[in-house]
Amino acid sequence: MSQPLTDSYRYCTSLARRTGRNFYFTFLTLPRTLFRDMCVLYAFMRITDDLGDSFHISVEDRRNHLAHWRGQLHRALAGEITEGKVFPALADVVARHRIPSEYLDEVINGVQTDLTPRTFRTFDDLSGYCYQVAGAVGLCCIHIWGFHDDRARQAAIDCGTAFQLTNILRDLAEDVSVGRVYLPEEDLRRFDYGPDDLRAGLRDERFREMMQFQVDRAHGYYERAVELYDCLSQPGRRVYSAMYHLYGGLLQEIERRNYDVYSGRVRLSTSRKWCIAASSLLSRRFEGLPRPT
């Protein structure tokens, strides 16, 4: 392995360890090479997301940075030398695992749509966004993990949607503070709960009913995503189980808190994350996400 490639892998692994929070714990269930490859994928996604969320610079500058980033991606995948530290390793991972480059482009597309405040009229509109920023990531992951059934593709998209819906609910207060309302307008109208109510953090019965509706929808995607487990290689099953139960744990924590996502960030303790990772390594069975009784 050349020194630039070695340095690139080292950089990506360090970035994942420093900023990965939830994901880094799940990567620890993988063999060394796949662990390293997932750190590379994470690093690309992390930097792409950060370029879009650099609120200290103008929207136009962020748009230009993302365009430059996309250009660097295309040059790297074409075998050219690029500026970014992540690209030598990313090009190697994409080539070895035969990851379609359009999945990476979709992620950049999704981040670009977040540069200005936006709303979603229907859930169909939102699901398209979820595909870009999460479903496409899931498709990249299954190429790294290894899969043997075409059903894995749709299940990976469903899983990405489940995770993104969880993120949307967890980050509701943070997002609305920067003008991002991801809950579909049709859902807000259904419960007579508007964007102004979101911004005010109004947690009345309308809010709780609306949140229960969103949580139930997310559970439906988690249930569909169960099918992915049997389509994966053994190492893929372990990391998938860890990711599934970690994100599912966040959704359960939102329910346990009676949908209070305003008074503090919903998170899992470090000890619980370790328990999830350990259980995924040791278990030979995959349990779906329990529904509250």
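If you're wondering where the values come from, they're calculated on a predicted model, not measured in any experiment.
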Point to revise | Lys/Arg N to Asp/Glu carboxylate O, Glu253 vs Arg256, below 4.0 Å | key: yes

Point to revise | Test item: Ser8 side-chain N/O and Leu5 main-chain N/O as donor-acceptor pair under 3.5 Å | key: no

Review point. Looking at SG of Cys159 and CD of Gln164, how far apart are the two atoms once the value is rounded to the nearest 0.5 Å?
Key: 11.5 Å

Check your understanding: Of Ile254, Asp260, Thr166, which is the lone residue that meets side chain to side chain contact (heavy atoms under 4.5 Å, CB included) with Val266?
Key -> Ile254

Check your understanding: Looking only at heavy atoms, which two atoms of Tyr222 and Tyr244 are closest? And how far apart?
Key -> O-OH, 3.0 Å

Check your understanding: Side-chain heavy atoms under 4.5 angstrom apart, residues restricted to Ile, Leu, Val, Met, Phe, Trp, Tyr: same cluster for Ile57 and Leu66?
Key -> no

Check your understanding: Less than 4.0 Å between a side-chain N and a carboxylate O, is that true for Asp187 and Arg217?
Key -> yes

Review point. Okay, side chain of Asp149, backbone of Ala152: is any donor-acceptor separation there less than 3.5 Å?
Key: no

Study note, to complete from the structure: Exactly one of Arg17, Met243, Arg36 clears side chain to side chain contact (heavy atoms under 4.5 Å, CB included) with Phe27, and that residue is Met243

Practice item. Considering non-hydrogen atoms only, spot the tightest contact between Leu250 and Arg170 and give its length. Key: CD1-NH1, 3.8 Å

Practice item. State whether the side chain of Ser14 and the backbone N or O of Tyr11 hold a donor-acceptor pair below 3.5 Å, judged by distance alone. Key: no

Review point. Measuring from Leu51:CG to Asp61:CG, what's the distance to the nearest 0.5 Å?
Key: 11.5 Å

Review point. Would a line drawn from the ring center of His245 to the ring center of Phe286 be shorter than 6.0 Å?
Key: yes

Point to revise | Reference residue Asp37; test side-chain hydrogen bond (donor to acceptor under 3.5 Å, both in side chains); the match among His97, Arg32, His143 | key: His97

Exercise for review: Give the intermediate values and the outcome of salt bridge (charged side-chain N to carboxylate O under 4.0 Å, His left out) for residues Arg208 and Asp204.
Suggested key: CA-CA 6 Å; Arg208 284 186 286 274; Asp204 56 11; over 6 Å; no

Check your understanding: What's the spacing between Ile99 CD1 and Ile144 CD1 if we round to 0.5 Å?
Key -> 4.0 Å

Check your understanding: Where is the tightest heavy-atom contact between Arg272 and Gly249, given as atom of each residue plus distance?
Key -> NH2-CA, 3.8 Å

**Study point:** Pair Asp50 + Arg46: basic N to acidic O under 4.0 Å
**Key:** yes

**Study point:** Residues Arg206, Glu209: salt bridge by 4.0 Å N-O rule
**Key:** no

Point to revise | Spacing of Ile142 atom CD1 and Ile157 atom CD1 [to the nearest 0.5 Å] | key: 8.0 Å

Revision key, fill the gap. Nearest heavy-atom approach of Leu77 to Ser101 is CD1-CB, 3.6 Å

Review point. Can any side-chain N or O of Glu186 pair as donor or acceptor with the backbone N or O of Phe123 at less than 3.5 Å?
Key: yes

Practice item. Verify, without hydrogens or angle tests, whether Asp192 (side chain) and Arg189 (backbone) share a donor-acceptor contact under 3.5 angstrom. Key: no

Practice item. To the nearest 0.5 Å, tell me how far Arg118 CZ sits from Asp114 CG. Key: 6.5 Å

**Study point:** Arg180 with Asp53: basic N within carboxylate O range, under 4.0 Å
**Key:** yes

**Study point:** Leu251 versus Val215, closest heavy-atom pair with distance
**Key:** CD1-CG2, 4.1 Å

Check your understanding: Phe35 and Tyr24: aromatic ring centres closer than 6.0 Å?
Key -> yes

Exercise for review: Taking the side chain as every heavy atom from C-beta outward, state whether Val239 and Trp145 have any pair of such atoms under 4.5 Å apart.
Suggested key: yes

Practice item. Report yes if the distance between the aromatic ring centroids of Tyr129 and Tyr182 is under 6.0 Å, otherwise no. Key: yes

Exercise for review: Calculate, to the nearest 0.5 Å, the distance between atoms CD and CE belonging to Glu255 and Met211 respectively.
Suggested key: 9.5 Å

